Number of protein chains: 2
Amino acid sequence: MPATNPLQRFKEDAEKRGGPLAANVYAEACPSRALLALVADKWTLLIMPALRRGPMRNGDLMRLIEGVSQKMLTQTLRTLESNGLVRRIDYLEVPPRVEYELTDLGRSLADAIRKLDSWVEAHIAEVEEAREEFEKRERINNR
Amino acid sequence: MPATNPLQRFKEDAEKRGGPLAANVYAEACPSRALLALVADKWTLLIMPALRRGPMRNGDLMRLIEGVSQKMLTQTLRTLESNGLVRRIDYLEVPPRVEYELTDLGRSLADAIRKLDSWVEAHIAEVEEAREEFEKRERINNR
DNA sequence: CCGTATCCTGAATGATACTG
DNA sequence: CAGTATCATTCAGGATACGG
C-alpha cells in the first residue's frame with residue numbers, strides 16, 4: 001500500500017535516491033519549504049539586513065523600518081530568535097533596555113537577503129519600465 | 001507646513017540627500033518596497049529558480065512545484081510577466097501549448113533567489129537544532 | 001522603553017466547476 | 001492543455017488599550 005501523505009512520500013523519495021534526506025524546497029512536505037516561508041516574510045526581509053549594522057534596540061528598528069507595527073516587530077523578532085537567527089539580549093534594567101543582534105547563522109542568511117534587497121533597489125526602474133510596456137501591449141490586445 | 005504623507009516625505013528626503021531619488025526598501029512609500037513584496041512571494045520564490053532550467057510549460061511547473069494550485073500558478077506567472085521578469089510564449093496550437101521563460105532581468109533576479117533557496121536547504125538542520133534548544137530554554141524559564 | 005492582550009477586517013488562497 | 005470564474009475560508013496583521 002503506497003504512502004499518500006506528503007511527508008511520508010518525501011522521506012521515501014529521499015531514501016530512494018539513496019541520499020541523506022536532502023532538503024528540497026520544491027517538496028511540499030520538506031521542512032525547508034516552511035523555513036523558506038519564514039525567511040521570505042515581509043518583515044524578516046527588512047529586519048535581518050538591518051541587523052547587519054550591529055546590535056539594535058526595539059526603538060531603533062521601529063524608526064528604521066517604516067511602517068512596521070510594534071506587534072509585528074516583536075512577533076517577527078521572537079520567531080527569528082526561536083529559529084536561532086537572532087539573539088535577544090535583555091539588560092534587565094529599568095527602564096527596559098533590550099538589544100537584538102544576529103547570530104552567526106543569522107548573519108549568513110542576512111547577507112543573502114541583503115542581496116535580494118539590493119537587487120530590488122537596483123532594478124526597480126527597469127521593472128517600472130517593463131510594467132508600462134506591458135500595459136501598452138495589454139491595451140492593444142483588448143480592442 | 002511639513003509634509004505628512006510617506007510618499008512625499010520619501011521624495012523630500014531623497015532630494016535633501018541630493019541624490020536621484022535612490023530606491024530604499026526601508027522607506028514605506030518607496031516603490032521598491034512593493035516590489036520586494038512581490039519578489040518575496042511564496043510562489044515567486046519557487047517559480048523563478050525553477051525557470052532557470054530553461055523554458056517550462058504550465059504542466060511542468062505544476063508537477064515540479066508541489067502544492068501549487070493552477071490558480072496561484074497562473075496568477076503568479078501573470079504578475080511576473082507584467083513586471084518584465086518572465087516571458088509568456090503562446091504557440092497558438094490546439095491543444096494549447098504555452099511556454100514560460102525568464103527574461104534577462106528575470107534571470108538576474110532568479111539567481112539571487114536561488115541563493116536564498118539554497119541557503120534554506122543547506123541550513124535547515126542547524127535551524128531545527130536551534131529550535132530545540134530554544135524550546136528547552138523556554139521550558140526552563142516557565143517554571 | 002518594551003512589550004502583551006484583544007478585537008476585528010479585508011486580502012490572499014484553496015476548492016470546485018466550467019471553457020476554448 | 002491551459003487556463004477562467006466563483007465561492008468559502010482563514011488568518012495575517014493593523015488598531016487600540018493596557019502592563020512591568
Side-chain angles (χ1 to χ4, degrees), chain A residues 4-6 28-29 33-47 50-51 55-83 86-101 138 141-142, chain B residues 4-6 28-29 33-47 50-51 55-83 86-101 138 141-142:
Chain A
T4 48
N5 87 61
E28 193 173 8
R33 172 81 76 97
L35 179 57
L36 185 60
L38 159 64
V39 159
D41 172 78
K42 178 181 179 183
W43 300 120
T44 299
L45 251 31
L46 296 173
I47 293 173
L51 290 176
M56 298 191 80
R57 301 182 60 169
N58 179 72
D60 297 334
L61 290 166
M62 286 284 285
R63 275 180 294 277
L64 175 63
I65 304 173
E66 285 184 25
V68 70
S69 64
Q70 174 65 248
K71 177 188 169 182
M72 290 315 297
L73 183 56
T74 303
Q75 192 178 105
T76 307
L77 284 168
R78 188 78 73 230
T79 304
L80 292 172
E81 188 196 1
S82 74
N83 283 269
V86 161
R87 190 165 21 246
R88 180 178 188 276
I89 304 166
D90 189 339
Y91 290 93
L92 298 170
E93 293 175 0
V94 179
R97 186 160 71 94
V98 176
E99 283 187 349
Y100 296 93
E101 65 180 17
E138 280 292 273
N141 292 337
N142 293 348
Chain B
T4 47
N5 87 61
E28 193 173 9
R33 172 80 78 98
L35 179 57
L36 185 60
L38 160 65
V39 157
D41 173 78
K42 178 181 179 181
W43 300 120
T44 299
L45 251 27
L46 295 172
I47 293 172
L51 290 176
M56 298 191 82
R57 302 182 58 171
N58 179 69
D60 297 334
L61 289 166
M62 285 284 284
R63 275 179 295 277
L64 175 64
I65 303 173
E66 286 183 26
V68 71
S69 65
Q70 174 64 248
K71 177 186 167 182
M72 289 316 296
L73 182 57
T74 303
Q75 193 178 105
T76 307
L77 283 167
R78 189 77 72 228
T79 305
L80 292 172
E81 188 197 1
S82 75
N83 283 270
V86 161
R87 189 161 28 241
R88 180 179 186 275
I89 306 167
D90 190 338
Y91 290 94
L92 299 171
E93 294 175 1
V94 179
R97 186 159 71 93
V98 176
E99 283 187 348
Y100 295 93
E101 65 180 19
E138 279 293 275
N141 292 338
N142 295 347

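Just so it is clear: chains get the letters A, B, ... in the order the sequence lines come, proteins before strands, and each one is counted from 1. Note that the structure is predicted; figures quoted are calculated from it, not measured.
Among the atoms of the strands shown, none is found under 4.0 Å from any heavy atom of A:Tyr91.
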(message) The test is side-chain contact (heavy atoms from CB on, under 4.5 Å); show your working for B:Thr44 and B:Thr79 and say whether it passes.
(response) CA-CA 9 Å; B:Thr44 299; B:Thr79 305; over 6 Å; no
(request) Check the pair A:Val86, A:Arg88 against side-chain contact (heavy atoms from CB on, under 4.5 Å), reporting the backbone distance first and the verdict last. (result) CA-CA 7 Å; A:Val86 161; A:Arg88 180 178 188 276; 5.6 Å; no
(message) Test side-chain contact (heavy atoms from CB on, under 4.5 Å) on A:Leu61 and A:Leu51; report intermediate values, then the result.
(response) CA-CA 9 Å; A:Leu61 290 166; A:Leu51 290 176; 4.2 Å; yes
(request) Would you please test B:Leu46 and A:Arg33 for side-chain contact (heavy atoms from CB on, under 4.5 Å) and show each step? (result) CA-CA 10 Å; B:Leu46 295 172; A:Arg33 172 81 76 97; 3.7 Å; yes
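When each of A:Lys71 and B:Val68 is assigned the nucleotide of DNA chain C with its nearest heavy atom, A:Lys71 is the one assigned upstream, toward the 5' end. Heavy-atom distances to DNA chain D give each of A:Pro96 and A:Trp43 a nearest nucleotide, and the one nearer the 5′ end belongs to A:Trp43.
Minimum interatomic distance between B:Leu45 and B:Val39 (heavy atoms only, all atoms of both residues): CD1-O, 3.2 Å. In terms of heavy atoms, A:Glu28 sits closest to B:Glu66 at N-OE1, 3.1 Å. Scanning all heavy atoms of the two residues, the minimum distance from B:Asp41 to B:Trp43 falls at OD2-N, 2.9 Å.
Here A:Glu101 pairs with A:Arg87 in a salt bridge; the nearest charged N to carboxylate O distance falls below 4.0 Å.
First and last contacts of DNA chain C with chain B, using any nucleotide atom under 4.0 Å from a protein heavy atom and ordered 5' to 3', fall at C:dT13 to C:dG20. Protein chain A touches strand DNA chain D; the 5'-most and 3'-most nucleotides with an atom under 4.0 angstrom of its non-hydrogen atoms are D:dG13 to D:dG20.
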